[in-house]
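Fair warning: this is a prediction, and the values are worked out from it, not measured in the lab. Naming convention: chains lettered A, B, ... in sequence-line order (proteins, then strands); numbering from 1 in each chain. No hydrogens, no waters, no symmetry mates; every other heavy atom, side chains included, goes into these values.
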Amino acid sequence: MSIAVPVRAPRWVSRRRIFEQHLADLHKCKNLVHIKQVFAQILKSDLHSDLQVAAKLVSAFSLCHQMGLAIKVFDLIEEPNTHLYNTLIGAHVRNSQASQAFATFLRMQSSGLPADNFTYPFLLKACSGKSCLPLVQTIHSQVEKFGFRADIFVPNSLIDTYYRCGPLGVFGARKLFSMMVVRDTVSWNTMISGLVKVGELNEARRLFDEMPVKDAISWNTILDGHVKAGDMNAAFELFEKMPERNVVSWSTMVSGYCKVGELDMARMMFDNMPVKSVVPWTIMISGYAQKGLAKEAIMLYDQMEEAGLIIDHGTVISILAACAESGLLGLGMKVHTSVQRTGLTCNTLVLNALIDMYAKCGSLDKALSIFGGMPEKDVVSWNIMIQGLAVHRHAEKALELYDRMKQEKFEPDGVTFIGVLCACTHAGFIDQGLDHFLEMGRDFGIVPQIEHYGCVVDLLGRGGRLKEAFGLIQSMPVEPNAVIWGTLLGACRVHNDSEMAAEVLDRLVKLEKSDSGNFSTLSNISSAAGDWDGAASARFQMRSSGIKKPPGASSIDVDDEIHEFTAFDTSHTESDGIYQVVATLRMDLEEVR
DNA sequence: CTAGGGTTAG
């Protein structure tokens with residue numbers, strides 16, 4: 001007699017199967033808690049010295065930006081092979097640790113392991129900017145020497161990297177492409193997109209026409225070339241001629257019309273799209289938001305959510321950036337709510353965009369509280385917060401934050417100092433600002449860019465040290481641009497120095513003939529100083545140059561409606577009431593004095 | 001390795 005027992009695998013079998021499943025997908029896993037659990041099981045099963053398993057763990061940890069753990073796993077292996085080295089190099093590159101990637105590469109070479117055809121594309125990905133060109137050339141010659149050009153992946157990736165070095169890389173890319181016996185569609189497309197990237201549209205077009213078999217990417221790339229050149233007529237012509245139009249083609253057109261400000265055309269394209277992904281929705285909403293069309297942007301955002309589309313970080317960052325630019329707090333808060341709902345709240349880029357949006361829209365408390373609760377801050381987070389405090393005249397707090405940043409061992413970059421100098425300017429801490437300017441190069445090896453000189457000119461100029469500012473402009477190693485002279489001109493206005501203003505304007509018109517604002521500034525300074533001849537002469541120069549430029553406007557978001565104002569503006573429907581309030585405020589201010 | 005949206009400054 002037998003007893004019926006339900007047929008069921010023992011618990012340990014299914015557990016083991018689950019473990020194996022987890023192991024198989026480990027390298028794509030982004031859930032840190034889960035990875036750590038699997039890691040614990042791996043250690044228990046003594047699998048950590050398995051080269052395959054170790055590589056998967058390194059990948060998984062690098063996806064979660066846990067490079068410390070990735071390196072720990074790597075170091076458990078006594079004799080790593082090329083594949084494991086490649087994985088660690090790729091992990092560093094993914095976390096934008098270019099120098100560590102190259103250090104790992106050198107370590108691999110000194111351990112006697114040869115690089116393979118996977119190593120080079122990883123290393124190349126770490127190269128970007130014109131300073132990398134010599135490095136790319138070195139890698140290129142190694143590739144030639146060891147015959148890795150045979151793998152089409154490698155030369156394709158080299159071409160792409162040459163173009164990421166900017167216009168200086170064009171020569172190398174062209175030469176390599178011309179020497180390639182075997183070219184695939186990707187080789188051609190990489191060339192075309194590279195030429196578009198460096199602004200050589202005609203050359204890109206020539207290659208496109210020459211290309212034997214074009215695919216959708218080729219067409220979309222050259223379409224984007226015309227869009228980037230701002231030529232929507234040419235883009236439209238091409239769009240009509242395309243053999244097939246996919247979501248990317250339509251999105252490129254929508255984005256192009258948004259960029260040239262033709263929102264109606266953009267909307268028409270958007271409405272006509274046969275299939276929409278989250279990207280065109282993002283483009284259209286950001287397009288509205290950038291132009292300050294809050295109602296349209298919000299309506300479309302609601303429609304997108306109703307349509308059940310899942311927003312991603314791209315959506316959030318793009319829309320928030322537009323909100324920050326135009327001061328659309330209402331839409332920004334809506335996006336914040338969606339972020340909390342979709343669990344994007346631990347994404348550093350998303351949080352940075354949120355902080356910036358709140359700061360730019362004037363909600364510093366909100367910005368500070370998100371900043372304080374961030375699990376993983378990066379340099380950009382600090383920069384945004386410092387800048388946000390600085391422009392809202394919380395100079396001391398901005399500088400305190402800068403000190404805290406250094407205490408917490410974050411390395412300030414060039415942008416950090418823009419915020420720091422801005423804070424010093426607003427607070428009138430001239431000498432402290434100059435100290436920070438020196439600190440920048442001395443302690444952090446940052447070469448001052450023209451923007452930094454602009455900040456220092458502003459710092460000195462607003463503080464009334466006009467002569468020093470003038471001297472700095474003449475002695476700085478970069479050629480002064482219109483922004484620099486314009487900054488000094490503004491300082492001349494504040495301090496009513498019509499003599500220097502005339503001198504500055506002289507240099508300014510050489511650089512920027514078409515800005516009427518400069519002339520009116522001089523005219524204002526001259527009249528304020530009682531120099532009526534100077535004022536008249538400035539007005540005459542302005543008229544004779546035939547310049548007309550719309551004045552800069554301020555805007556404010558009231559119940560999702562954007563109101564714009566210029567100086568002495570009477571066009572608003574509530575204009576009379578507004579000026580009454582202004583008059584009252586002015587009287588109140590006089591009293592406080 | 002190639003196509004559309006994407007955080008900080010000016």
Side-chain angles (χ1 to χ4, degrees), chain A residues 117-118 120-122 124-125 151-164 184-194 196-197 214-225 227-228 245-256 258-259 273 276-287 290 311-322 324-325 347-357 359-360 378-388 390-391 413-422 449-455 458 481-484 486-487:
Chain A
N117 47 338
F118 286 95
Y120 292 104
F122 277 136
L124 287 168
K125 220 173 177 184
D151 180 2
I152 193 81
F153 220 88
V154 178
N156 285 353
S157 146
L158 261 169
I159 292 175
D160 178 53
T161 315
Y162 268 124
Y163 280 115
R164 279 194 282 112
D184 64 0
T185 316
V186 177
S187 325
W188 284 89
N189 287 343
T190 308
M191 280 297 288
I192 295 168
S193 110
V196 164
K197 226 173 274 167
K214 307 168 182 54
D215 66 0
I217 295 184
S218 331
W219 282 94
N220 286 336
T221 305
I222 203 72
L223 181 71
D224 190 45
V227 165
K228 280 207 174 80
R245 287 172 279 269
N246 61 19
V247 199
V248 177
S249 332
W250 287 90
S251 304
T252 305
M253 291 301 286
V254 174
S255 149
C258 283
K259 276 181 192 135
M273 284 181 75
K276 295 187 189 71
S277 70
V278 73
V279 174
W281 284 91
T282 304
I283 296 170
M284 197 65 234
I285 296 166
S286 308
Q290 229 157 36
I311 56 165
D312 61 10
H313 37 147
T315 312
V316 174
I317 292 164
S318 173
I319 299 177
L320 286 177
E325 200 179 312
N347 183 314
T348 303
L349 285 97
V350 166
L351 292 173
N352 286 348
L354 267 172
I355 295 168
D356 189 46
M357 184 277 296
K360 292 247 167 74
D378 64 7
V379 194
V380 178
S381 325
W382 291 93
N383 290 352
I384 291 171
M385 205 58 248
I386 290 170
Q387 183 75 27
V391 299
D413 64 9
V415 182
T416 314
F417 284 97
I418 302 272
V420 169
L421 291 170
C422 174
Q449 302 295 302
I450 189 133
E451 292 83 3
H452 297 106
Y453 287 106
C455 290
D458 200 25
N481 60 14
V483 178
I484 298 278
T487 305

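- For A:Glu451, whose side chain is taken as the heavy atoms from C-beta onward, the closest listed nucleotide among B:dG4, B:dC1, B:dG10 is B:dG10.
- Ranking B:dG5, B:dT2, B:dA3 by closeness to the A:Thr221 side chain, first place goes to B:dA3.
- Here the nucleotide nearest the side chain of A:Val248, chosen from B:dT8, B:dG4, B:dG5, is B:dG4.
- If you check distances only, the side chain of A:Asn481 never reaches the base of B:dG10 with a donor-acceptor pair under 3.5 Å.
- Put simply, CE on A:Met357 is 13 Å from P on B:dT8, counting in whole angstrom units.
- When distances run from any side-chain atom of A:Ile217 to the nucleotides B:dT2, B:dA9, B:dG4, the shortest one goes to B:dT2.
- The distance from atom CZ of A:Phe118 to atom C1' of B:dC1 is 12 Å, rounded to the nearest whole Å.
- One finds the NZ atom of A:Lys228 at 8.5 Å from the NZ atom of A:Lys197 (value rounded to the nearest 0.5 Å).
- The nucleotide whose nearest atom lies closest to any side-chain atom of A:Asn156 is, among B:dA9, B:dC1, B:dT2, B:dC1.
- Among the nucleotides B:dT2, B:dG5, B:dC1, the one closest to any side-chain atom of A:Phe153 is B:dC1.
- Here B:dG4 is the nucleotide among B:dG4, B:dA3, B:dG6 with the atom lying nearest to any side-chain atom of A:Pro280.
- Considering only side-chain atoms of A:Ala216, the nucleotide from B:dG5, B:dT2, B:dA3 that sits closest is B:dA3.
- For A:Ser277, whose side chain is taken as the heavy atoms from C-beta onward, the closest listed nucleotide among B:dT8, B:dG4, B:dA3 is B:dG4.
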